[in-house]
Amino acid sequence: MSLKLFNTMTRQKEEFQPRESGKVAMYVCGPTTYNYFHAGNARMFVVFDMIRRYFIYKGFDVRYVQNFTDIDDKIIQRGNVEGMDPLALGQKYIDEYFKDAKELNLLPATVHPKATEHIPEMIEIIQGLIDSGLGYEVEGDVYFAVDHFPDYGKLSGRTLEDMKAGARVEVDERKRHPMDFALWKKAKPGEPAWESPWGEGRPGWHIECTAMSLKYLGAGFDIHGGGEDLSFPHHENEIAQTEGYLKGKTFARHWMHNAFLTINQEKMSKSLGNFFTIRELLVNSPGEVIRFYLLGTHYRSPLDFNDQNLIMAQKGLERLQTSVRLAQEALAREGSVKNDQGTLELSRASKEAREAFEKAMDDDFNSALAYAALFELAKTMNSFVQANPVPSEGLAEAQNTLVKLGDVLGFDLLHPAKIGVENNEILNEVMEVVLQIRSKSRQKKDWEMADFIRDGLKEKGIVIEDTPQGARWQIKR
RNA sequence: GGCGGCAUAGCCAAGUGGUAAGGCAGAGGUCUGCAAAACCUCUAUUCCUCAGUUCAAAUCUGAGUGCCGCCUCCA
């Protein structure tokens, strides 16, 4: 099956052609670690995690590199404000990143390189650029000479002429061209600094990605990803310095950028201050719900954030989880496992779901459309369970399919069905007794007591539902 | 000023030439002591406006309106 993805470089969907058959090498720009990451950052992480998982599902061996920018102006600034060593601050938020990432079901990258651990590699590249006339040093700073790189602007579709017309750049007299950008920055007293041929300093922002992607993936790797706002200047500059350094060899084969998360139709960003950190959101919403919400819109469309949307996402995810739970319950029942009619029907529904899912995902990772395949399979399963008290082989297949496809998007649909059932023996026994008591009350038509038990448990986060086969319960946070 | 994107039901959201997926909310029904969940039925003659191309347009073209992003650190 062919897989198409939108390449920012060519501005069109194109067939994915890996550098090496059966393998995918991708680099995703990670966070600058001076704070907890926010919902907008999370969108990027979740989107590329989904893309990675789908490649794995398709049978590719995926090498996924996501860096940490753990040294830059913002980190130094924040360190000063908090009275903390900038490098320690950077490390702190790297640790915090992993906590939130886990809640969002983000798979750890194959490699999570840190900028501060790749200074020698960066220095080597900067030196190479100077040697070939693409970089120049001025008083301890090193700049990249954009007008020496003919392709400058090819990713973002602008020319140096266009940008001159904009001219919102404050002119640094020492630069040869206003758009020249820093490869190396001279350290001010008290700032973290590394030795270099140009004196003490620290790397510019873009050079780290060049150094680390080349080190861990090599030239011409498959996918370079990030948020839309990175395409210019960050990725444009990366291309210039990397392809300049590689003497024109291609840096990355495909460039992918996700659209923004907005809030009140405005971009959520750290600079605007209109952001919610994932840490804050996790207080009220499980990470999976946030993830479900983020993948409910195609990654190249803007997505507006608000509480109502989050609630809708929660309901939707619960619907899929419920479906798995009901199937589990039905499969646990005694009885025939052979039901030709049902098996046939569910088997077909499973196949259709897989096909629809793959068709959606093959078309530039259309996770929003893929959701529909999951919902339709869930509905077929529910209908079957409703009509057939006897389990069927087909139901097991359908359930496995739903769980599997959910997993490709990063959802553990099976997990909620297991909470309380597997994890806590004592609770199970207590609940058995409680439900017996309530059952006796109901037999005596003591509705007041029955409702008192149900309402009381609900307050504690345990939901009871009555069925013809008896009451069931589940934990709901 | 330069470059780019978006506009589909009450809300979210797919759909890029063949007659409007899916979810949430809502209405009615089945089930239930009630509830919840689930199931069934219903809910856009129409896709920002106008004009054009076509047998056929939400989908293509042109003009307009509105919103957003990048051009400076940002995912």
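Letters A, B, ... mirror the listed sequences (proteins, then strands); counts begin at 1. Just so it is clear, the model here is predicted, and its values are computed rather than measured.
A donor and an acceptor atom, one from each side chain of A/E208 and A/T69, are located under 3.5 Å apart.
In this structure, of B/rC68, B/rC71, B/rA14, it is B/rC71 that holds the atom nearest to the side chain of A/F232. Of the candidate nucleotides B/rA21, B/rG69, B/rC71, B/rC71 has the atom lying nearest to any side-chain atom of A/P233. Checked against B/rC73, B/rA75, B/rC70, the side chain of A/R158 finds its nearest nucleotide in B/rC70. Closest contact between the side chain of A/M312 and the listed nucleotides B/rA75, B/rG69, B/rC11 involves B/rC11. Relative to the side chain of A/N309, the nucleotides B/rC71, B/rC12, B/rA75 differ in distance, and B/rC12 lies closest. Looking at the side chain of A/A372, the nearest of the listed nucleotides B/rA25, B/rA75, B/rG22 is B/rG22.
Taking atom CZ of A/R300 as the reference point, atom P of B/rC6 lies 8 Å away to the nearest angstrom. Atom CG of A/L106 and atom C1' of B/rA75 are 13 Å apart (whole Å). A/E238 places its CD atom 14 Å from the P atom of B/rC73, with the value rounded to the nearest Å. Computed from coordinates, the A/N41 CG to B/rA75 C1' distance equals 5 Å when rounded to whole Å. Note: NE2 (A/H224) to P (B/rA75) measures 13 Å, nearest angstrom. Distance A/L377 CG to B/rA21 C1': 16 Å, rounded to the nearest Å. Here the P atom of nucleotide B/rC11 and the CZ atom of A/F305 are 19 Å apart, to the nearest Å. A/L294 has its CG atom 15 Å from the P atom of B/rA75, to the nearest Å.
For B/rG10 and B/rU43, the C1' atoms lie 11 Å apart once the distance is rounded to whole Å. Rounded to a whole angstrom, the distance from the C1' atom of B/rU8 to that of B/rU19 is 15 Å. Distance check on atom P: B/rG17 versus B/rC12 gives 26 Å, rounded to whole Å. The C1' atoms of B/rA14 and B/rG23 are separated by 11 Å, rounded to the nearest whole Å. Of the P atoms belonging to B/rA35 and B/rU30, the separation is 12 Å, rounded to the nearest Å. Only the C1' atoms considered, B/rG26 is 26 Å distant from B/rG33, to the nearest whole Å.
Judged by the 6.0 Å distance and 45° axis criteria, A/R52 is positioned over the aromatic ring of A/Y64. A cation-pi geometry, defined here as NZ or CZ lying under 6.0 Å from the six-membered ring centre and within 45° of its normal, does not hold between A/K404 and A/F357.
In this structure, A/L230 reaches the sugar-phosphate backbone alone: every heavy-atom distance under 4.0 Å involves primed, P, OP1 or OP2 atoms, never a base. At a threshold of 4.0 angstrom between heavy atoms, the contacts of A/A259 include nucleobase atoms, whether or not backbone atoms are also involved. Among the heavy atoms of the strands lying under 4.0 Å from A/H38 is at least one base atom, whether or not backbone atoms are also near. Across all strands, A/N366 comes closer than 4.0 Å only to sugar-phosphate atoms, never to a base (heavy-atom distances). Note on A/I311: nothing from the nucleic acid sits closer than 4.0 angstrom, heavy atoms only.
Positionally, the nearest nucleotide of RNA chain B for A/G157 lies more toward the 5' end than for the other of A/G157 and A/L272. Annotation: of the two residues near RNA chain B, A/G316 and A/T297, the 5′-most nearest-nucleotide partner is A/T297.
Taking the six-membered ring wherever Trp is involved, the centroid distance between the rings of A/F365 and A/F55 falls below 6.0 Å. Aromatic ring centres of A/Y36 and A/Y93 lie closer together than 6.0 Å. Checked against a 6.0 Å centroid threshold, the rings of A/F6 and A/Y299 do not count as neighbours. Annotation: A/Y216 is not in aromatic contact with A/Y27 [ring centroid separation under 6.0 Å not met]. Aromatic rings from A/H112 and A/F98 are positioned such that their centres are separated by under 6.0 Å.
In the interface, the side chain of A/T262 is not paired with the base of B/rC68 through any donor and acceptor atom under 3.5 Å apart.
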Original post:
Can you check salt bridge (charged side-chain N to carboxylate O under 4.0 Å, His left out) on A/R438 and A/D466, steps first, answer last?
Top reply: CA-CA 11 Å; A/R438 181 162 173 276; A/D466 293 313; 2.9 Å; yes
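Contact check, A/K267 against B/rC68: no side-chain N or O comes under 4.0 Å of OP1 or OP2.
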N/O-N/O pairs, protein side and nucleotides 28-38 of chain B side, under 3.5 Å:
residue, atom, partner, partner atom, Å
B/rG33, N7, A/R442, NH2, 3.2
B/rG33, O6, A/R442, NE, 3.3
B/rG33, N1, A/D451, OD1, 2.9
B/rG33, N2, A/D451, OD2, 2.7
B/rC34, O2, A/R454, NH2, 2.6
B/rC34, N3, A/R454, NH1, 2.9
B/rC34, N3, A/R454, NH2, 3.2
B/rC34, N4, A/R454, NH1, 3.4
B/rC34, N4, A/D466, OD2, 3.0
B/rA35, N6, A/D466, O, 3.2
B/rA35, N1, A/D466, N, 3.0
B/rA35, N3, A/R454, NH1, 2.9
B/rA36, O2', A/E465, OE2, 3.4
B/rA36, N1, A/D466, O, 3.4
B/rA38, O3', A/N382, ND2, 3.1
B/rA38, O2', A/Q386, OE1, 3.0
B/rA38, N3, A/Q386, NE2, 3.3

